[in-house]
Amino acid sequence: MLTRVSQNKCFGGVQSVFRHEAKETGCPMRFGLFLPPQAQAGRVPVLYWLSGLSCTEENFIIKAGAQRVAAELGLAIVVPDTSPRGVRNPGDDASYDFGLGAGFYVDATEMPWASNYRMYSYVTEELPRLVAEQFPVDAERVGIFGHSMGGHGALTVALKNPQKYRSLSAFAPIASPMRCPWGEKALTGYLGTDRAAWRAYDSTVLVAERGWKGPPILVDQGTQDQFLETQLHPELLQEAATRAGVALELRMREGYDHSYFFVATFIEDHLRFHARNL
């Protein structure tokens, strides 16, 4: 059952938010959907945006400023939430970087998280199937991008499913969660202490082991990002891509931080990048 939460006309298209009962997470989930005006005449390419820590679907919709260019280019954009919110586990709101708003786009194996924290399968299987069934999007022309934790999610999702995604980009991604405090905390909590299990959700490992045959991966990173040196480590992704012979365009943006002001500044570049490849 799909329920429309809100709907607003925007640059000739429609920006909506929907709620549905998700099987993977076992609870209601919300997602944003922008349909460009071209969707009135037929199916359009679709981008999936994965948001960062503490975000809901609302952050991107309101702050990124993507709709104007998406309407021009004829791109649909789907924005899922970042965690299940219809179930509660002890301690799930104790910190911003684990639990609510911090699903890390993994399928948890540790209890109690394993029952509902299945954001990887939700994003790669259930949500795209629902969107393709209910809306005029072309399931053969799909790209994915994201920010911070969502940049990590976009990278790992696409690298593991190259048959599903034609284009891939990220803003300030957590490049190697196995090697930063945010990632170590989340992966331990969701997957346990065996670091071998973490490798399936680390983009530097996936690039090295699986490569990427699509167009160059586009990554923008601010040089004044407060998390650059401790959490993000884009140089590790660059090193892994170079060793694997994977084309990666890493653009260090002088003076920009980790905020949505940074995302909004370069969102048009990313949308046009995806449009060219879809």
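Side chains are part of it too, since the values below use all heavy atoms of this structure and drop only hydrogens, waters and symmetry mates.
- Residues passing the salt bridge (charged side-chain N to carboxylate O under 4.0 Å, His left out) test with R85 are D81, sequence neighbours excluded.
- Considering only residues two or more places apart in sequence or on other chains, D93 meets the side chain to side chain donor-acceptor pair (under 3.5 Å) condition with R88.
- Sorted by first and then second residue, the side-chain hydrogen bond (donor to acceptor under 3.5 Å, both in side chains) pairs with a member in residues 110-120 read E24-R118, R118-S121, Y120-N161; sequence neighbours excluded.
- Y105 and Y201 have their aromatic ring centers separated by at least 6.0 angstrom.
- Between the T82 side chain and the S51 main chain, no donor and acceptor come within less than 3.5 Å of each other.
- Remark: side-chain polar atoms of E249 are not paired, donor with acceptor, to backbone N or O of I217 under 3.5 angstrom.
- Take H147 and apply the ring pair (Phe, Tyr, Trp, His ring centres under 6.0 Å) test, not counting sequence neighbours, and it matches H258, Y260.
- For the 3.5 Å distance criterion, the side chains of T204 and R179 qualify, holding a donor opposite an acceptor.
- For the pair R253 and F262, the NZ or CZ position fails the cation-pi test of under 6.0 Å to the six-membered ring centre and within 45 degrees of the ring normal.
- Contact annotation: the side chain of F135 never approaches that of L130 to less than 4.5 Å [non-hydrogen atoms, C-beta and beyond].
- In this structure a side-chain-to-backbone donor-acceptor pair under 3.5 Å is missing from S16 to Q7.
- Of the possible polar contacts, one joining the N59 side chain to the T56 backbone as a donor-acceptor pair under 3.5 Å is found.
- Scored by the ring pair (Phe, Tyr, Trp, His ring centres under 6.0 Å) test, F34 finds no partners at all (sequence neighbours excluded).
- Applying the side chain to side chain contact (heavy atoms under 4.5 Å, CB included) test to R19 and every residue at least two apart in sequence or in another chain returns T3, V5, P28, R30.
- The local environment of CD in E229 is sparse, with at most 12 non-hydrogen atoms from other residues, nucleotides or ligands closer than 6.0 Å.
- Taking F31 as the reference, F18, H20 meet the ring pair (Phe, Tyr, Trp, His ring centres under 6.0 Å) condition, with sequence neighbours excluded.
- Other residues, nucleotides and ligands contribute at most 12 non-hydrogen atoms within 6.0 Å of the CD atom of E140.
- For K160 (side chain) and A200 (main-chain N/O), a donor-acceptor pair under 3.5 Å exists by modelled atom type.
- Just one residue in the list F171, W182, F104, F145 forms a ring-ring contact (aromatic ring centres under 6.0 Å, His included) with H152, and that residue is F104.
- For V142, the side chain to side chain contact (heavy atoms under 4.5 Å, CB included) partners at least two apart in sequence or on another chain are V46, Y48, Y165.
- Hydrophobic side-chain contacts under 4.5 Å tie F273 into a cluster, directly or through other members, with L218.
- The salt bridge (charged side-chain N to carboxylate O under 4.0 Å, His left out) test applied to E125 returns K164, not counting sequence neighbours.
- With sequence neighbours excluded, no residue satisfies ring pair (Phe, Tyr, Trp, His ring centres under 6.0 Å) with W198.
- Of the possible polar contacts, none joining the D269 side chain to the F266 backbone as a donor-acceptor pair under 3.5 Å is found.
- Looking only at atom types and distance, the side chain of S95 has a donor-acceptor partner in the side chain of K185 under 3.5 Å away.
- In this structure S167 satisfies the side chain to side chain donor-acceptor pair (under 3.5 Å) test together with H274, sequence neighbours excluded.
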